[in-house]
Structures are given as C-alpha cells and as structure tokens.
Student: 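Got a structure for you, written out below as structure tokens; questions coming shortly.
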Amino acid sequence: MRSFLIAAFFLLNVCAHAQLNISAPGVSAENKVKQHANWSYKIYPSEIQVGKEVTLVFSVKIEDGWYIYSSDFDPNLGPIVTALNLKPNKDFVKIGKLVPSHPKRKFDDIWGGEISYFEEKAEFKQKIKILKENPLIEGTVEYQTCTIKDGACVGGEYDLKVSGLKVSPLIKDAKMIANPPEVPVIPSHKIIQKDSSVKLKTSSVKSNSIKSQDSRSNPTLSSPKEEKKEFSLWAFFLKAFVFGLAALITPCVFPMIPMTVSFFTHSSKTRSEAVRKALLYGLSIVGIYTLLGTGVAALFGADAANFISTHWLPNILFFAVFVVFAASFLGMFEIVLPSGLVNKIDQQSEKGGYAGIFFMAFTIALVSFSCTGPIIGTVLIESAGGMFVKPIIGMLGFSMAFAIPFTLFAMFPSWLKSLPKSGGWLNSVKVTLGFLELAFALKFLSQADQVYHWRLLDREVFIALWIVIFSLLGLYLLKKIKLSHDDEDYNRQSVSVPRLLFSIASFAFVAYLVPGMYGAPLKALSGYLPPVSTLDFQSNVSKSNSEESVHNPLCEVPKHEGLLHIPHNLPGYFDLKQGQTCAMIQNKPVFIDFTGHGCANCREMEANVWSNPEVLKRLRENFVVV
C-alpha cells in the first residue's frame, strides 16, 4: 500500500511538472520549470586569513502556498532533501553538512516518517575552511518545493559562485610577532551551567589587523554574589549542625544527657521552672560556642582567607592538628583541658541561680572537650578560610544541634525512655569519626603540596590513601578490626543493621575511588582531589586526549610548560604576552583563566564545566587559553 502511494505521488509530480512547463509565463528556454523559491547568500566573515573558516549563509524566500524541504531528515524517505554540492578543489575544504535554521517538523503519513520543511522563508548554513588566497568556490544547491494546495512538487537548482571574500596570507612579519598589538581578552567567568546544558559566551574581537567572531555566541545568565554567599552560609550552617549532632553521640557527651535532665527535674519545684532553666541552659551553650566563633572571626577575619587556604604553614599545621584529632578518636590518647580550669568552672556552677546554670553549661563544654574538641576544631578550621561571619555561623549551627537535645529532654523527661542505652556503639562512633578526620587531614597536606609543587601527594597517592582508610573503616564497622579501647563483649556481638549499611557505604565509596587511580575524573570529588595532571597512571583514553594537545607550530613554545599544566590537556600559555602573540597569529581571542593551585572551586569548574564536550571543543578550537 505504501509503495502504491509513493508511486501515485510521483505520478502526480510528473503531471504537475508537465502542467507547469506549458503554462508558466516568462520562463527562460534553459529552465522551463518555474522556480517557487528565490535564493541568495552571504559569507561571514568576509575578510579572513588562510587556514580560517567562513560560513556561507543561504537565505530563501518561498512563494506563498509553497514549502521547501529541509536538509536534516532521512533522504531515503522519498522527498528530495536540500543539499549543497560544491565542486571540489584545493582552494577550500567543506566542513560538516548543510545545517538548517529552525525548520518545522511533522510526521508525514504518505512517506511514513518525520520530515522537516520551511514555509515563507528558510535559512541554511555551511562552514568552509579556506586553504588558499583567491579561492574558487562553485557549486549547486539542489532542493524541492511543493504546493500546500495539492502536494504537487517541483525540483529546483541554485547555482553558486562565491565572490566578495578577501583572503590574506598568514602573518610572517618578525617585528609584529615580537611586538604584538594589544588583544582584547575574555575572562573565564563567562562560563555557566544551567539546566544540565553548558553555554560558553564568546564575543567578537577587533584589534588593528585582527578580527575574530564566533557566530554561535550565547547570552549568559549569572547569579548575584549576594545569593551565592547566602547559599554558602546556609550550606555551612547545616554542615555545622550535622557536626553538632555527631558530637552528641560520642562517649563524652551522650551519657551526660540523662544526668543533666535529672538535675533540672530534681532541682526545680515546678515543671515551668524546669522548662525555664532548661531553656537558659540551652541558650548558654549556644552563647558560649558562638562567642568562640566570634573570637576566631576577629582573630583571622576575611583578609586572612587567602593566606590560610594557600600558604604551606597553616595547611601543614592543620594537617598535623587533624592527625592528632584522628589519633585521639582512634584511642591513642585523650585530649583533655587542664583539670584546674575545669574544677574552677564546676565550682561556679554549684552556686545555683541563673549564673550557676550558665557555668554548668560551661562545665559540660569543658568536660566533653576530649570528644567535641576535634569536631569543633574541624568546623573552625574549615570556616577560618572563608568570610568574616563564617566561624560565627559555624559555631551557631554546631551549638544549636548540641543544645537542642539537652533542652528538649529537660522539658519532656519522659522522652528519656526512648534513648538507646550507652555502650560499645558510642566508641564505634568515635572511631568512625577518627577515620574521617584522618581522611580529611590529607586534604590540607595536598593543598600545600599543589601550591609548592612538592609532588608528595600526587593524585594516585592521595586516592590510594583514601582507598586504604575507607577500606579499614568498612572492615572496622563489620567488626573485622579491633582497637585497643574497644569493648571485648561488644565486638563479639553480631553486626547490627546500621553498622552493615554504613560499611556498605564505605566500601561503595572505595569502589567509586578505584577508577580514579587510572584517570577517571571523579567529578563529585573534584574540589578535594589533586588535579588529573599529577596522575602517573594514564589510561588509553587519557593518553589519546593528551595527543590532541599540540601547540600551533607558528607560535612559541610556552614558558613553564614542564612545570605548569592547563586542565584537560588544552594547549595554552602561562605568560600573557606569549598568549597575545599566538592569538594574533591565529586570529583568535584570548581566554584568560584566573585560577590558583589551591583553589577548590577552580577544580570543580574545570571538572564539571570545562569537561563538557561543547565547552572543551570551543576552548580548544576557538580560543588561545592563558
């Protein structure tokens, strides 16, 4: 049936051709069939150098009541698709196919498939690379127009001979290469990510003899800095809140909850008095820790953020502190405050009244320091390299999580019955935190290593250490490893479901890390891991990518090429003057990447945005990266 319809359709076309040949007035002898589409073209840019690309843009005005088939559907369906046939020669190279601009689409019952077409007007684009001066570009556009009224179709041709293109040779003037004119630059901050698609903003660059234009430029959208800061603070607040919850289930704090609640219930004559004292107790805890955060903010401030995040001294110091914290959690020793200080504060808490409640809150903060100290230190160290208010926000989140259970259980003592009993599981929480502290400590050592290029913690070494740490954590959670301060009877018990789930998560994380040893990007951890350029184990994919990083032979060899690397094996420069010179020779805009060896956000941008195939292709082909 379908074959019959196609045959009938072609028969109608033949009849239509014959009818038009007879009745069309004003038709030349060479082409007796009336054309229902008027073609014209423009070429962009009209002035280029040898080796550059131009775009032929065809504009078509279509007669009312007629439509023209596009070029982007299956030619085997039946209709004649629009096609550009260029006569080949050594003057140019055709790049890609003829591309239509926003054609209409529909499923055609006669042809049994989806077709695309234009009504009223159409536009097509074809890219061409010019290889010689005064190129000869000739060819023919074949197309088919059909009437909407009865479906009769007419084939047509448009003869093309390109003119008006000015092609200049490559610049070989040594003086100009040595002293290039100023080239406008485009900062890397114009890259954004929206709705899982990535758009790269480009712009035309004009400077003396240099002209460069990207016809695919897209507008960009950016979020105000205030919104980013607000989101960052909220995220850090929630993170600190989670740290506070973790501190509650340590051996130094958890047993204190029923003791504290018992004190309020027995020392208060009425329930309202107990509630009032509990609220004051909770607010005192929040005030004490927030005051600590304020002190850290005043001590460091926002101006010290860059020094803390990039200089080797604070990073090595933080690494050592975290290792000490980890050793304490793993049972090697306990971090305690001077007993004299603790006793003096405890004596103040016995005076009673509201002052006594405040000093009681101070006492529990000091007594629990052996467990909460490493957690508090983690929050403060992470906040010290940020905004002025970040330590205050961090301590506020931590203290709220820390104070809420004491306050709520004091207000509702009957809830204590639902609390799990203290036991060996509390020590397991402490040991788990020790493994996490040890893993996090490596991040600070890696920061200093990247900035000063010591090459102590290359990517595969860092990942290998994390694989070992989280494998040991998984084995500990399954009770395959016993530490010196673990309860003997507790380790003989069967593995609980929560421990099993946490061990599965730990081993799953290890499985995720393993491909990173051989070049996998591990995008979720891009802000924590050393860059891929430090990796010694290269997979076949990584090697093939590196082979594409060939610098233009007309440009100088980049300075510091052996020491510094651009992400994704992109060719580029680390000296602005060199980059401008190469940009002038290639007639390309300069793309400046403002980055840093210790910049976690930069690593995330490179791993999640630069790696997008469209962005990477444009960076490689359309820009000179500096």
Side-chain angles (χ1 to χ4, degrees), residues 1-43 55-88 94 96-128 136-164:
M1 182 66 181
R2 183 173 177 273
S3 301
F4 173 78
L5 289 172
I6 293 175
F9 189 86
F10 276 114
L11 184 60
L12 286 172
N13 286 345
V14 171
C15 294
H17 275 260
Q19 193 173 19
L20 288 167
N21 287 341
I22 296 171
S23 59
V27 178
S28 64
E30 295 179 357
N31 188 3
K32 295 184 179 181
V33 179
K34 180 183 178 182
Q35 302 296 300
H36 301 275
N38 184 19
W39 286 71
S40 62
Y41 78 90
K42 291 183 179 179
I43 189 163
T55 302
L56 281 172
V57 181
F58 296 95
S59 299
V60 190
K61 292 183 179 180
I62 306 169
E63 185 177 326
D64 291 340
W66 289 76
Y67 61 92
I68 184 172
Y69 285 110
S70 184
S71 61
D72 59 345
F73 62 91
D74 186 1
N76 296 320
L77 280 178
I80 298 175
V81 298
T82 300
L84 172 62
N85 301 314
L86 296 177
K87 297 178 182 179
K94 182 180 176 182
K97 298 180 179 180
L98 188 67
V99 179
S101 297
H102 309 296
K104 296 181 179 180
R105 299 181 182 278
K106 70 175 182 179
F107 185 90
D108 195 297
D109 293 330
I110 295 178
W111 303 115
E114 186 184 70
I115 62 169
S116 54
Y117 62 100
F118 293 92
E119 293 178 334
E120 297 182 352
K121 61 181 181 179
E123 186 178 272
F124 299 86
K125 296 180 180 179
Q126 176 66 60
K127 285 195 170 185
I128 298 173
L136 177 63
I137 304 175
E138 294 180 315
T140 303
V141 179
E142 296 180 352
Y143 61 96
Q144 186 178 39
T145 54
C146 299
T147 176
I148 298 173
K149 183 178 181 181
D150 56 12
C153 296
V154 177
E157 292 184 352
Y158 170 70
D159 294 328
L160 171 70
K161 186 173 183 179
V162 176
S163 61

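All residue numbers in this chain count up from 1 along the given sequence.
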Student: From L86 CG over to Q126 CD, what is the distance, rounded to the nearest 0.5 angstrom?
Tutor: 6.5 Å

Student: Which residues pass the salt bridge (Lys or Arg N to Asp or Glu O under 4.0 Å) test with E138, not counting sequence neighbours?
Tutor: K161

Student: Test of understanding: with side-chain hydrogen bond (donor to acceptor under 3.5 Å, both in side chains), list the residues that count as partners of K104, not counting sequence neighbours.
Tutor: E119

Student: Is the side chain of S70 donor-acceptor paired with the backbone N or O of P103 at a distance under 3.5 Å, no angle test?
Tutor: no

Student: Report the residues that fulfil side-chain hydrogen bond (donor to acceptor under 3.5 Å, both in side chains) with S59, sequence neighbours left out, ordered by chain and then residue number.
Tutor: none

Student: Quick one: list whatever passes side-chain contact (heavy atoms from CB on, under 4.5 Å) with I43, sequence neighbours left out.
Tutor: V54, L56, V162, L165

Student: Kindly compute the distance separating OG1 (T82) from OH (Y117), expressed to the nearest 0.5 Å.
Tutor: 14.0 Å

Student: With rounding to the nearest 0.5 Å, note down the distance linking CZ in F58 to CG in L98.
Tutor: 6.5 Å

Student: Under the side-chain contact (heavy atoms from CB on, under 4.5 Å) test, which residues partner V81, sequence neighbours left out?
Tutor: F73, P75

Student: Hey, could you give me the CD/CD distance between E142 and E157, rounded to the nearest 0.5 Å?
Tutor: 5.5 Å

Student: What salt bridge (Lys or Arg N to Asp or Glu O under 4.0 Å) pairs are there with at least one residue in residues 62-82, not counting sequence neighbours?
Tutor: K34-E63, D72-R105

Student: Is there a side-chain contact between K106 and I115 in this structure, where contact means two heavy atoms from C-beta onward sitting under 4.5 Å apart?
Tutor: yes

Student: Among residues at least two apart in sequence or on other chains, which ones pass side-chain contact (heavy atoms from CB on, under 4.5 Å) with S101?
Tutor: E123, K125

Student: Taking atom OH of Y67 and atom CD of E120, what is their separation to the nearest 0.5 Å?
Tutor: 15.0 Å

Student: K149: what forms a side-chain contact (heavy atoms from CB on, under 4.5 Å) with it, not counting sequence neighbours?
Tutor: T147

Student: What is the distance from atom OH of Y69 to atom CG of L77, rounded to the nearest 0.5 Å?
Tutor: 9.5 Å

Student: Please enumerate all residues that pass ring-ring contact (aromatic ring centres under 6.0 Å, His included) together with F118, with sequence neighbours excluded.
Tutor: F124

Student: If every non-hydrogen atom of A122 is compared with every non-hydrogen atom of I68, which pair is closest and at what distance?
Tutor: CB-CG2, 4.2 Å

Student: Answer whether the closest heavy-atom distance between the side chains of Q144 and P79 falls below 4.5 Å.
Tutor: yes

Student: To check you understand the geometry: which heavy-atom pair defines the closest contact between V141 and Y143, and what is its length?
Tutor: O-CD2, 3.8 Å

